[in-house]
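To start, the structure under review is shown below, and the notes come after it.
The shown structure was predicted, so the numbers you read here are calculated from the model rather than taken from an experiment.
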Amino acid sequence: MRFLLTHFRAFSTGIATSPSSQISYFARLGQIENARKVFDGLSEKTVVSWNSIIAGYFQNNQPCEARFLFDKMPQRNIVSWNGLISGYVKNGMITEARRAFDKMPERNVISWTAMIRGYVQEGMMEEAEALFWKMPERNVVSWTVLLGGLIQEGRIDEARRLYDAMPVKDVVVRTNMIGGYCKEGRLSEAREIFDEMPHRNVVSWTAMITGYAQNNRVDVARKLFEVMPEKNEVSWTAMLMGYMQSRRMEEALDIFEAMPVKSDAACNAMILGFGLNGQVAKARMIFDTMSEKDDVTWSTMIKVYERKGFELEALDLFALMQKKRVRPNFPSMISILSVSSSLASLDHGRQVHAQLVRSQFDLDLYVASVLITMYVKCGYLVKAKQVFDGFTPKDIVMWNSIITGYAQHGLAEEALQVFHDMFSSGFMPDDVTFIGVLTACSYSGNVDEGLKIFELMRSKYNVEAKTAHYACVVDLLGRAGRVNEAMNLIENMSVEADAIVWGALLGACRTHKKFDLAEVAAKKLLHLEPENAGPYILLSNLYASQGRWDDVAELRKNMKARSVNKFPGCSWIEVEKRVHMFTMGDSSGHPEHVMIMKMLEKLAGLLTEAGYCPDGSFVLHDVDEEEKMNNLRYHSEKLAVAYGLLRVPKEMPIRIMKNLRVCGDCHSAIKLISKITGREIILRDANRFHCFKGGLCSCKDYW
DNA sequence: TCAACTCAGC
């Protein structure tokens, strides 16, 4: 019934009158089944209707069925053979196309051109050119196809010589040449051809507009856009993208609103444009106004949330997408894996992993690396290693992912072992590898090994030291208390020290209470990154610990003047696929607030009994002692631990994440909590993992 | 009526 209705509609609108054009009509819409029904219903099948249905199958990416029907045809004409060639070309089957070309009984200019087009599409320009010069006769289309190939290869001057040699030029080839020049940024040459054109169509105007729009001349593009006699969807979209790439979002929005037909592509572009520009709410508004959303729309919005740090919203939307029966596509799954990494949400990560396996995307090298990183960030190293081991052949990114993973968990031996495995598998370590290895040495206190590797990196592996490597070594020396050596290294660096290097020194100075050097490092940092709250906090912390309250006040005033805001500490935990987030001092927004507070009370009692003494020096603020103690008790990581104790089954480890470094007092407290409760607690902070068990931490208090 | 070419973004 439904078929009859659509059939009738196609018929009555006058779009398709003959059986063959009905077949083509349905095929163009992607409704190949309906096309087939028309074909099967024909009492008398002509060559033309056979040709139409075969072309339809090729167009709908079903070359096997197309070939099957071609073999079954009672009669073939030259159009059938040409259709076979172009059908194979459309499906990227160049060998089969050539076989048909060689086998066909007679050829015309279209057969030759279709074959050349196939070679051009596959980037086989030598074959394309050879065939072109062998053609018995050429027309303007054949010339254009070859010209397009040269342009595609960036051989613009050769393309121009071919263009000049053409006996006849039409509007298409002129437009092609315009597009070629525009792609190379040679706008004046493009414009010259445009101005000399005897006739122009919408496509020529749009090509010229695109050229200006994508070469930072969006205002010129707009002028042409205003005067062009007729606009289509492509011209509107080109103009839109021009503003978008120039980050002129208001004008982009104006164009978008004025567009008579808002294609999905334009909407998706707006969502991405606004979203990545930081206007996430506006992006969501466009998303919400779209009546029909396809998988690209959903994944675009999810990607925006992911990139802009709206992890929870990304997860919600991913769930909603599936509820609306839109199958997750590849980009959405990659986004969610990335979200899972940021949130250390093992449940979501695992779910996506399963979906990737089902759609066989997990065989992809890039996916393997993303999966490894996800499992590493979720603190599930065994699984990360399992994915790593199960994938061959490996690439450098995979090796680096697993090495960095071990490093972040402070497992230096494992990291170094993989590093050596990598070398014996014939891979040359690169700069990223060494960041991982040096980090491993640093986090595990392997100072001598680290220094040796840093030396070998340059002398043996020929990898030039970047600031990130220096930062690792400064960290390595600094953690071990060799702060002056670290400072010496900075002074003798081959590149200029950046914020990461100074930050590493500052961290070490804080740990080892080297106040004079700390002040030097902090002031460097304030200079390099005036918007970053980190150094202000550290410096303020430092002054506070010495009771220099005037300096603290001065610093605060400075922060306010530059409108630097402290990044609030926040921790979260995943329970039954829901992420629960806590900020410092408060869980009142949480539905189980009362239970959490009770658990904290209970913990406080147990901790006191166990001899725990809060260390107020970890609180920055100039507040009285009692309030200091309260602030400590309600640090976000403690709230998350309390919730984990309430909700995570006994036999499972409690996995907590924190956006900043774990606070020293919380570190001591959680060690004790792991002992008192007999629970394993895995905490991922901004720097690394801490695995608390039986009163000890995997970092061996070296962090 | 079926077969070859140009503009945007996926």
Side-chain angles (χ1 to χ4, degrees), chain A residues 15-25 27 46-56 58-59 73 76-90 97 100 104 107-118 120-121 135 138-149 151-152 169-180 182-183 190 193-194 197 200-211 213-214 228 231-242 244-245 259 263-270 272-273 294-297 299-300 329-331:
Chain A
I15 293 169
T17 45
S18 78
S20 322
S21 51
Q22 283 171 49
I23 294 170
S24 306
Y25 171 76
T46 60
V47 186
V48 176
S49 51
W50 278 95
N51 288 346
S52 301
I53 190 67
I54 291 169
F58 273 126
Q59 205 174 356
M73 279 176 90
R76 302 180 188 98
N77 60 14
I78 195 162
V79 177
S80 327
W81 284 97
N82 286 346
L84 189 66
I85 295 174
S86 73
Y88 278 136
V89 165
K90 277 193 194 99
M104 64 195 294
R107 304 178 190 97
N108 62 11
V109 63
I110 296 182
S111 334
W112 287 84
T113 308
M115 196 61 232
I116 294 170
R117 166 72 206 201
V120 163
Q121 191 180 286
M135 284 176 87
R138 307 176 187 94
N139 65 15
V140 66
V141 180
S142 344
W143 285 88
T144 308
V145 168
L146 189 67
L147 186 100
I151 288 173
Q152 176 184 292
K169 298 179 186 64
D170 65 1
V171 62
V172 174
V173 79
R174 288 173 207 269
T175 307
N176 225 324
M177 202 61 229
I178 291 172
C182 287
K183 215 171 65 178
I193 292 173
F194 180 79
M197 282 173 88
R200 302 183 190 100
N201 60 9
V202 190
V203 180
S204 355
W205 284 90
T206 308
M208 201 61 237
I209 288 171
T210 305
Q214 301 199 333
M228 71 191 287
K231 301 173 178 64
N232 66 11
E233 209 177 291
V234 179
S235 354
W236 283 94
T237 311
M239 201 59 238
L240 180 74
M241 295 312 297
M244 212 89 102
Q245 275 154 21
M259 277 174 94
S263 66
D264 283 0
C267 291
N268 293 344
M270 287 301 286
L272 196 66
D294 63 3
D295 60 316
V296 178
T297 307
S299 64
T300 304
N329 57 6
F330 185 71

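- Distance A:Tyr88 OH to B:dA4 C1': 18 Å, rounded to the nearest Å.
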At a cut-off of 3.5 Å, list every protein nitrogen or oxygen paired with a nitrogen or oxygen from nucleotides 8-10 of chain B, distance to 0.1 Å.
from: B:dG9; atom 1: OP1; to: A:Gln214; atom 2: NE2; distance (Å): 3.0

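- Although no hydrogens or angles enter the test, the distance criterion places a donor-acceptor pair under 3.5 Å between the side chain of A:Lys183 and the main chain of A:Ile151.
- At B:dT6, one or more side-chain N or O atoms of A:Arg117 fall inside 4.0 Å of OP1 or OP2 (strictly under the cut-off).
- A donor atom on one side chain and an acceptor atom on the other are found under 3.5 Å apart for A:Thr297 and A:Asn268.
- Applying the side chain to side chain donor-acceptor pair (under 3.5 Å) rule to A:Ser52 yields no partners; only residues at least two apart in sequence or on another chain are considered.
- Counted by atom type alone, A:Asn176 and A:Thr144 present zero donor-acceptor pairs between their side chains at under 3.5 Å.
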Output one line per pair: protein atom, nucleotide atom from nucleotides 1-3 of chain B, and distance, for all N/O pairs under 3.5 Å.
from: B:dT1; atom 1: O2; to: A:Ser20; atom 2: OG; distance (Å): 3.3
from: B:dC2; atom 1: O2; to: A:Asn51; atom 2: ND2; distance (Å): 2.5
from: B:dA3; atom 1: N3; to: A:Asn82; atom 2: ND2; distance (Å): 2.8

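- Between A:Ser235 and A:Val202, some side-chain heavy-atom pair lies under the 4.5 Å cut-off.
- Residue A:Met228 contributes atom CE, which lies 14 Å from atom C1' of B:dT6 at whole-angstrom precision.
- Residues A:Ser24 and A:Ser21 bring no donor and acceptor atom of their side chains to less than 3.5 Å of each other.
- A:Asn139 comes within contact range of at least one nucleobase, with a heavy-atom separation under 4.0 Å.
- Rounded to whole Å, atom P of B:dT6 lies 15 Å from atom CG of A:Asn232.
- In the set B:dA4, B:dC7, B:dC5, B:dA4 carries the atom at the smallest distance from any side-chain atom of A:Thr113.
- For the pair A:Met239 and A:Thr210, the minimum side-chain heavy-atom distance is 4.5 Å or more.
- In this entry the distance linking CD1 of A:Ile85 with C1' of B:dC5 reads 16 Å, nearest Å.
- Taking atom CD1 on A:Ile151 and atom C1' on B:dC7, their separation rounds to 13 Å, with Å as the unit.
- Contact check for A:Arg117 versus A:Ser86: no side-chain heavy atoms found under the 4.5 Å cut-off.
- One N or O on the side chain of A:Thr175 and one on the backbone of A:Val171 form a donor-acceptor pair closer than 3.5 Å.
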